[in-house]
Amino acid sequence: MRNKVSIIGAGMTGATAAHWLAERELADLVLVDVLEGMPQGKALDLQEALPVIGKDVTVVGSNGYDATAGSDIVVITAGLARKPGMSRDDLLITNAGIVSKAVEESVKYSPDAIFVILTNPLDVMAYLAMKVANLPPNRVVGQAGILDSARMRAFVAMELGVSVENVHCYVLGGHGDEMVPLTRHSNVAGIPLREILSPDRLAAIVDRTRKGGGEIVNLLKTGSAFYAPSVAIAQMVEAILKDKHVIVPAAAYLSGQYGLKDMFFGVPVQLGRSGVEKILEYRLDADEASALQKSAEAVHETVAALSKLVKI
Ligand code: TXD
């Protein structure tokens, strides 16, 4: 029996995630969207691409949730994306309604699924997903850290002219401008970034990483990044389906780790067949700890804003 992955929201990130997943022949796929014909059309197009690359998975598009029944993983990308000048938090109210409904419907058909959340504001949407469906914390994980870390890796690789394979970066915290690139733990072939880059070049890369999403929004003008976010989804789905126990930065439910609790936040997470298997804790210095606190406060403020409007 093949694995089954449903993606709710067949827009730019959802459909591109389906592309990466089909290419890796990881699971049968279902694309769900509110737009009539759109998920069906994208699914059929993708299905028709697979003979060329010799991959055998089925791809189905639907406007309803029946087709998602028995999914191992449900990926939620449904919702609005940022336009130039908008912050991720500007999407809060609309996306809260969309994500709540998507999760509630999905759970009816796939009660044992693991949920991978992408919709922004990410940390708050992951929290909302867990609450509305009363899911155990290990079965909800938010994607942000792989993307933010990949952006930093790309910038370092470009700066130094080395392979991206040699660049290891770790970005923690909330998926917002207060995210925390851990420069002390990031390295090129084991050499700490601080030893290989001048302080001002490193500071510039940290700043560009933090604003990486906005940089793409400003260039695209009609949507936000989708290649890098969607390949990050594929990495998480693969880690879960293959029970890899891989450690990635991702938004997970904290119950005291890093001195934080009852919130989703970007931390190193070990992913396997049961979802979030473990949360790892870095030993942080005072500056890193206070940057993480600042980022956590930004997430808390968004949760507080949401809780004034809906019951969570
Ligand atoms: O790293 C991350 N977490 C992010 C998150 C990186 C990139 C994008 N990020 C967020 O994901 C972004 O801010 C948005 O909140 C979501 C989706 O971004 P995407 O770029 O895929 O947006 P699109 O192309 O507009 O697609 C969204 C789709 C679109 O086709 C809508 O018709 C659909 O969502 N939609 C719905 N589908 C199902 N059910 C409902 N209710 C619904 N409402 C809208």
Side-chain angles (χ1 to χ4, degrees), residues 6-20 30-43 61-65 67-68 74-84 86-106 115-129 132 140-152 171 173-177 179 209-210 212-217 219-236 248-252 264-266 299 302:
S6 292
I7 301 173
I8 317 303
M12 297 309 287
T13 48
T16 316
H19 176 190
W20 296 110
V30 181
L31 287 172
V32 176
D33 204 285
V34 281
L35 298 179
E36 271 178 43
M38 185 271 248
Q40 294 86 344
K42 288 190 179 181
S62 172
N63 300 117
Y65 285 80
T68 67
V74 176
V75 179
I76 307 281
T77 77
L80 302 187
R82 283 197 284 169
K83 298 207 172 64
M86 284 173 95
S87 79
R88 293 178 180 91
D89 289 355
D90 292 335
L91 308 169
L92 182 64
I93 308 307
T94 314
N95 285 355
I98 292 171
V99 168
S100 302
K101 178 155 189 286
V103 173
E104 280 164 352
E105 286 300 312
S106 301
F115 282 77
V116 178
I117 311 296
L118 200 85
T119 307
N120 273 321
L122 187 267
D123 306 270
V124 182
M125 290 302 116
Y127 183 76
L128 178 68
V132 290
V140 183
V141 62
Q143 189 306 115
I146 297 176
L147 167 68
D148 297 328
S149 304
R151 284 184 174 142
M152 186 168 171
V171 179
H175 186 48
D177 295 345
M179 67 180 74
T209 301
R210 286 199 168 122
E215 184 178 0
I216 307 264
V217 169
L219 288 167
L220 292 180
K221 297 183 184 70
T222 52
S224 54
F226 55 96
Y227 288 119
S230 59
V231 81
I233 296 178
Q235 186 184 10
M236 292 172 81
V248 293
F264 272 73
F265 202 54
V299 175
T302 316

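In what follows, every heavy atom counts, from backbone to side chain, and hydrogens, waters and symmetry copies are set aside. As the structure lists them, so they are numbered: ligands from 1, and atoms in each ligand from 1. Quick caveat: nothing in here was measured; it's all calculated off a predicted structure.
Side chains of D148 and P249 form no contact here, defined as non-hydrogen atoms less than 4.5 Å apart. A 4.5 Å side-chain heavy-atom check between I98 and V34 finds every atom pair outside the cut-off. With a 4.5 Å cut-off on side-chain heavy atoms, P39 and V32 do not count as touching. Between V299 and H175 the shortest side-chain heavy-atom distance does not fall below 4.5 Å. The side-chain heavy atoms of Q40 and N63, taken from C-beta on, include a pair separated by under 4.5 Å. Annotation: side chain of F264 is not in contact with side chain of I117 (no heavy-atom distance under 4.5 Å). Contact annotation: the side chain of L122 never approaches that of Q143 to less than 4.5 Å [non-hydrogen atoms, C-beta and beyond].
Within the 4.0 Å heavy-atom cutoff, K101 does not count among the residues contacting ligand 1. Heavy-atom distances between A225 and ligand 1 reach below 4.0 Å in at least one pair.
Counting the atoms of ligand 1 from 1 in the order shown, those under 4.0 Å from a heavy atom of L80 are 12 (C), 13 (O), 14 (C), 15 (O). Residue L35 has at least one heavy-atom neighbour below 4.0 Å for each of these atoms of ligand 1: 32 (O). Proximity to M38 (heavy-atom distance under 4.0 Å) selects the following atoms of ligand 1: 30 (O). Those atoms of ligand 1 with a heavy atom of L147 less than 4.0 angstrom away are 1 (O). Proximity to P229 (heavy-atom distance under 4.0 Å) selects the following atoms of ligand 1: 6 (C), 7 (C). The ligand atoms of ligand 1 that sit less than 4.0 angstrom from a heavy atom of N95 are 15 (O). Ligand-side atoms of ligand 1 in range of L91: 13 (O), range being under 4.0 angstrom from any heavy atom.
Geometrically, ligand 1 and T77 share no nitrogen or oxygen pair separated by less than 3.5 Å. Geometrically, ligand 1 and Q143 share a nitrogen or oxygen pair separated by less than 3.5 Å.
Scanning the protein for heavy atoms near atom 26 (O) of ligand 1, the closest one is G11 CA, 3.2 Å. Taking atom 22 (O) of ligand 1 as the reference point, the nearest protein heavy-atom neighbour is A81 CB, 3.8 Å. Of the protein's non-hydrogen atoms, the one nearest atom 5 (C) of ligand 1 is L118 O, 2.9 Å. Of the protein's non-hydrogen atoms, the one nearest atom 19 (P) of ligand 1 is T13 OG1, 3.5 Å. In terms of protein heavy-atom proximity, atom 39 (N) of ligand 1 is nearest to V34 CG1, 3.6 Å. The protein atom (non-hydrogen) at minimum distance from atom 41 (N) of ligand 1 is I98 CG2, 3.6 Å. Of the protein's non-hydrogen atoms, M12 CB, 3.8 Å is the one closest to atom 20 (O) of ligand 1.
With a 4.0 Å cut-off on non-hydrogen atoms, N120 touches ligand 1 through its backbone as well as its side chain.
Of the candidates T16, D33, V32, I233, D33 brings a heavy atom nearest to atom 31 (C) of ligand 1. Summarising the contacts of atom 27 (C) of ligand 1 with G79, P39, G9, A78, the nearest heavy atom is found in G79.
T77 contributes a side-chain N or O that, together with a main-chain N or O of I8, makes up a donor-acceptor pair within less than 3.5 Å.
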